Amino acid sequence: MTRNDRKEIIVSDTNIDEDSFIKSVAEAIASLENGEPTDIPPLYYTVNTEALNEVFGSTAQNEYIHLEFTHDEYKITVEKDPDLKVSVKRL
Amino acid sequence: MRTNPVGSPNGGRNELVLTPTDESETLPTFVSDTTSRDPPENLIIVVFTLSPDEVLVSLRTKYEEFQANLGIISVDEITRSSQSESGDSPAGISSGLVTAVYRSDYSRIVTIIDLYLREWDGQTRVYIGSLTPLLEDEEWSDVFRFLHLVTNRIRTHGADARYHVDPELLASHTLDVLRHLFDEVTTEPTVADTHPSTQISLREVINEALEPDIRMHIIQYLLERNTPVSVRRLAENLIDQEDIDFDEPEDVHLSLYHVHIPQLVEAGLVVTDEDHSAIEASKAAEQFESELPMSG
């Protein structure tokens, strides 16, 4: 796998439901690594993706949510402020 | 849990199953696995706690379904009969013979297994009952040497053997050493055991694992197919289900890989190959097929 020179990818305005979140994160890591979205270990072992639906599904205004976790060699940050933003950074 | 293959030129295979259950449960499981797919011509049953009578009772329900040569080796702390002293002649072995062996006489157990394997043609499956009493009472180096010899014999003759041990009673370094002797180390795919709380009913575990419709569709599809399927093919099939909310097979594939398959594996309902690219319904799922809340 040839590594990309970029160390971080930010995906904005993502509709954070479980499936689109998985897609955003896996594809971001894949593009950082010039690899496939299934080259990394399954996200299931690191984060309860089903719970994301509940955490980020809230429609409350002026709500700030910041969630961070490490998967493989990446730091994944999900923010709602109030727009949604997912960033994937190689550690 | 898997280890690296030790190399099996003749197709021989040694599998260690980590299970807290005793021979009264692992033997029926072995027999039903053995008879349900590709029945072998020969069976060797080595028991440490069950009596030969109990073995025969276990086999009786299934045994008539296939014609196999049968050898039972009953290992005990005391020798039950003088049959083990009757010499090494394999005569009569193929008609099904019970041999009683004194527990510390490891080389004798290996010799008898070897005699059966030499005498018989065709595929032989071997059940080695619970190693736990051996590991508790006997010298560790003797047990290791015994297993080293048996796994070697199995490999040489291209047989297929399944061994059992309770992981709770094993020191972790012991397991690490044992692991190298086997082609595969598996945890018994009992649905209830894989769940942290044993108080939860089987139905609850299954319902939770299958709650989103997509996981239900996966299990239904795999049970219908009854053979390993590539994850890509599974994704292509799922996209055709009207209640699955995906546009592209590629997106289904990602969700399968990252969430649904790992969750079903954890629930003990499916098994995958090493790199998670092919998948099939587990024996537990097949066993509990009638329990599954099928929609069709």
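Just the heavy atoms: all of them, side chains too, but no hydrogens, waters or symmetry mates, feed the values below. Lettering follows sequence order; numbering is per chain, from 1. Keep in mind that this is a model prediction, so the values were computed, not measured.
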Can you establish whether the number of heavy atoms outside B:Glu248 located under 6.0 Å from its atom CD is more than 12? no
Atom of B:His258, atom of A:Leu43 and distance for their closest heavy-atom approach: ND1-N, 3.1 Å
Ignoring hydrogens and geometry, is there a side-chain-to-backbone donor-acceptor pair from A:Tyr44 to B:Pro262 under 3.5 Å? no
Hey, is CD on B:Glu168 packed in by over 12 heavy atoms from elsewhere, all under 6.0 Å? no
Heavy-atom pair count under 4.5 Å with chain B, highest-scoring of A:Val25, A:Ile40, A:Thr49: A:Ile40
Enclosure of B:Arg233 CZ (heavy-atom neighbours >12, cutoff 6.0 Å): no
Given 3.5 Å as the limit, does a donor-acceptor pair link the side chain of B:His253 with the main chain of A:Thr38, or not? no
